[in-house]
Amino acid sequence: MKRVVLALTGFLLIFGSGGDALAQTAAPPAMGKEEFEQAKRVYFDRCAGCHGVLRKGATGPKLLPGDMQKTGTAELVKTITEGTVKGMPDWGRQGILSPAEVDLMARYVQQEPPIPPEMSLKQMKESWKVFVEPDKRPKKPEHNRDWENFFSVTLRDAGQVAIIDGTTKEILNTVKTGFAVHISRLSASGRYVYTIGRDGKATMIDLWMKVPDKVAEVQTCSDARSIDTSKYKGKLGNFYDKYAIIGCYWPPHFVILQGDTLEPLKVVSTRSYSYDTNEYHPEPRVATIVASHHKPQWIVAVKETGLVWLVDYADLKNLKITQIETEAFLHDGGWDASKRYFTVAANQRNKLVVVDAEKEKLEAIIKVGKIPHPGRGANWVDPQYGPVGATVHLGEGKLVVYGTDPVKHKKHAWQVVREIDLLGGGSLFLKTHPKSPWIWNDHTLNADPPIQRSICVTEKKKPDKVAKCWEVAAEGRAVHLEYNKAGDEVWVSVWNRKDKQSEIVVYDDKTLKEKTRIRDPRIVTPTGKFNVYNTTKDIY
Ligand code: DHE
């Protein structure tokens, strides 16, 4: 397996277990109050995503004070500086943490983890701002652009998203969002973009304004990764643009909000007992959330307890939640092509979990490669096996394809049907489009710089091996792939350091030829890109 070193935010921090006798200490090293506060901030920014606020481990292992004291400061400094073969980012070597900060963190993880405060609905409401009231917003688009082909692009280290016209490639606006903004999702009509920052701040952008801009914001927690909207319209009611939902890491809860204003309406804690041992977990974080198109329902993956919650939002006063026992360490996922089956990675268990959202039960668990990371996944029709889905992996260079049609291709449903070799591990995302002949993938977190900036395509008609791989830029990491509305262009981010110029490379999907580069000083650390039409309709 290639060594996978992760950048900027970590996955998979593996500290040496135990430590030698010389390194053993009985008590945590001394730390001043100011140092402790500083370390707390660094831990939140760099470490909590993988290890959890309470350091009970998830994507990364536990960092409990007793174990850390046994490992000792010197060994911890080495690990934080150099990373590990299992995927610990080399924070020191990359210069993201200074030697003084590395030392600080080595001492900090030996202290008892402080428990951050909870957040009440009242506190959320205090942060809530509506910049443009719904009745003051445009009744129809104030521009003649094809707004369904706009892209919302995460400018991670700027704490902004760029709204880019997918037709003209103009940057229409850069909008200030939450800290290290993570993803964008769209309202059912496609008119509103909702973003979530790692600080739990949600921002709502109206694409119909002459210059698309922020119309509301709210903070619903201190650590978050997911957001989605209500997408059902049918016999049970019209919920288009009615609600939004935010999934939090800390406090571990989700919050339902008014769709047109972001007014927080209801908080639901995800603290409960793990699916297998029935042990209480104080920090079961909300990972991916997807909205059903067939029911008034959100699928909420609760990471540590391994439960997938089906939240029926038709009646918020009498909220119905179905809890499905699946597998621990749920992370990222999305729909199959029929949007009946939700597939999510149980990343530390090397598995994918499939939930039947219609029958509201676990459908299957698929053993895949090391540390699957599908993003929302990719769906297409394989010449031999019919409808399939796929994942790439952080831990090895493999595109794993599995059947997704239990009716006409029963034999292959939820079975691995193909394993395609990639350039190496460290892949984060793959993407396709119903009109595309290709499946695209990245290798963003591979240790090898030329591989980090390489993408590959596999041909749907000849899926035995990748058809072509190439470097998209001379430096930086290639990350995340997104189609335009027509499904004939693919956008790839070149994620460079904050002090260097990043860019977005646009390819013709048919010929694989480069069409243009969106290179502009405003494009700072671009990562995820969300096309309005495709994200609204869940096309991937
Ligand atoms: Fe993500 C999706 C969590 C690091 C870019 N990321 C997700 C989702 C989760 C998640 C739970 C699914 C959201 C959903 O669908 O509702 N990500 C985490 C982490 O906990 C982690 C590992 C560490 C952290 O501290 O945040 C992490 N993620 C990253 C990055 O470092 C990435 C590469 C760059 C960045 O912008 O921060 C990154 N994550 C993304 C992107 C998506 C995402 C682009 C959405 C993919 C999509 O196509 O939907």
Side-chain angles (χ1 to χ4, degrees), residues 6-13 43-53 58-60 87 89 96 151-161 177-186 194-199 223-229 244-250 254 285-291 298-304 329-335 342-345 347-348 371 373-378 392 394 426-432 440 442 444-445 452 477-483 491-493 495 502 524-531 534-535 538-540:
L6 314 184
L8 302 179
T9 52
F11 298 71
L12 311 176
L13 172 54
Y43 182 84
F44 170 75
D45 290 354
R46 304 291 179 197
C47 321
C50 291
H51 300 281
V53 168
T59 305
I96 293 168
F151 286 67
S152 176
V153 178
T154 298
L155 304 177
R156 190 189 181 284
D157 293 348
Q160 297 177 343
V161 294
T177 57
F179 169 78
V181 56
H182 201 208
I183 65 166
S184 295
R185 295 291 187 243
L186 272 295
Y194 298 76
T195 71
I196 187 73
R198 278 183 170 75
D199 55 359
D223 195 3
R225 297 294 179 281
S226 50
I227 190 160
D228 213 336
T229 62
I245 177 171
I246 294 172
C248 295
Y249 271 14
W250 189 272
F254 66 82
R285 298 177 288 172
V286 178
T288 187
I289 300 181
V290 298
W298 287 304
I299 319 285
V300 175
V302 187
K303 191 187 284 284
E304 281 79 3
F329 308 122
L330 302 175
H331 192 76
D332 50 346
W335 290 113
F342 163 71
T343 304
V344 55
N347 62 9
Q348 287 305 301
I371 319 165
H373 195 282
R376 281 170 292 164
V392 287
L394 277 159
S427 290
L428 286 177
F429 300 109
L430 76 165
K431 195 59 71 75
T432 191
W440 295 62
D442 63 23
T444 317
L445 299 178
Q452 283 164 14
R477 296 168 191 259
V479 63
H480 198 252
L481 316 129
E482 180 70 326
Y483 281 82
W491 292 30
V492 183
S493 302
W495 178 16
S502 291
V524 178
T525 57
T527 51
K529 302 161 294 303
F530 305 90
N531 175 270
N534 295 336
T535 310
D538 285 288
I539 297 171
Y540 36 79

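Whatever order the structure lists them in is the order used to number ligands and atoms, beginning at 1. Throughout, residue positions are numbered sequentially from 1 according to the sequence presented.
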Taking 4.0 angstrom as the limit and counting only heavy atoms of [X], give me the atoms of ligand 1 inside it, by number and element.
| X | result |
| --- | --- |
| A287 | 11 (C) |
| I183 | 2 (C), 13 (C), 14 (C), 16 (O), 42 (C), 43 (C), 45 (C) |
| H331 | 3 (C), 10 (C), 11 (C), 18 (C), 19 (C), 20 (O), 22 (C) |
| R376 | 47 (C), 48 (O), 49 (O) |
| G528 | 44 (C) |

So, taking the atom named [atom1] in [X] and the one named [atom2] in [Y], what distance separates them when rounded to the nearest 0.5 Å?
| X | Y | atom1 | atom2 | result |
| --- | --- | --- | --- | --- |
| T432 | W440 | OG1 | CH2 | 10.0 Å |
| L394 | S427 | CG | OG | 7.5 Å |
| T525 | W495 | OG1 | CH2 | 8.0 Å |
| I539 | Y483 | CD1 | OH | 12.0 Å |

Where does [X] meet ligand 1, judged by heavy-atom distances below 4.0 Å: at the side chain, the backbone, both, or neither?
| X | result |
| --- | --- |
| T288 | both |
| Y540 | neither |
| L428 | side chain |

If hydrogens are left out, which of [options] has an atom nearest to [atom], that is, the closest non-hydrogen atom?
| atom | options | result |
| --- | --- | --- |
| atom 36 (O) of ligand 1 | T527, D538, L481 | T527 |
| atom 48 (O) of ligand 1 | K529, R156, H480 | H480 |
| atom 19 (C) of ligand 1 | F44, W495, Y249 | Y249 |

Contact check, [X] vs ligand 1, heavy-atom distance below 4.0 Å:
| X | answer |
| --- | --- |
| I289 | yes |
| E482 | no |
| R198 | yes |

**Message:** Check the orientation of W335 and F342. Use parallel for under 30°, tilted for 30 to 60°, and perpendicular for over 60°.
**Reply:** perpendicular

**Message:** Show, in sequence, the C-alpha distance, side-chain angles and deciding distance for D332 and H373, and conclude whether the side-chain hydrogen bond (donor to acceptor under 3.5 Å, both in side chains) test is met.
**Reply:** CA-CA 7 Å; D332 50 346; H373 195 282; 3.1 Å; yes

**Asked** Side chains of S184 and T195: closer than 4.5 Å at any heavy-atom pair?
**Response** yes

**N/O donor-acceptor pair under 3.5 Å between D442 side chain and F429 backbone** =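 The answer is yes, because a donor-acceptor pair under 3.5 Å joins these two groups.
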
**Request:** Give the name of the N/O/S atom in H182 that lies closest to atom 1 (Fe) of ligand 1.
**Result:**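 Sorting the N, O and S atoms of H182 by distance to atom 1 (Fe) of ligand 1 puts NE2 first.
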
**Request:** Mind listing the closest non-hydrogen atom pair of V181 and Q160 along with its distance?
**Result:** CG1-O, 3.4 Å

**Asked** Can you name the closest pair of heavy atoms from S502 and P526 and give their distance?
**Response**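 That would be CB-CD, 3.1 Å.
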
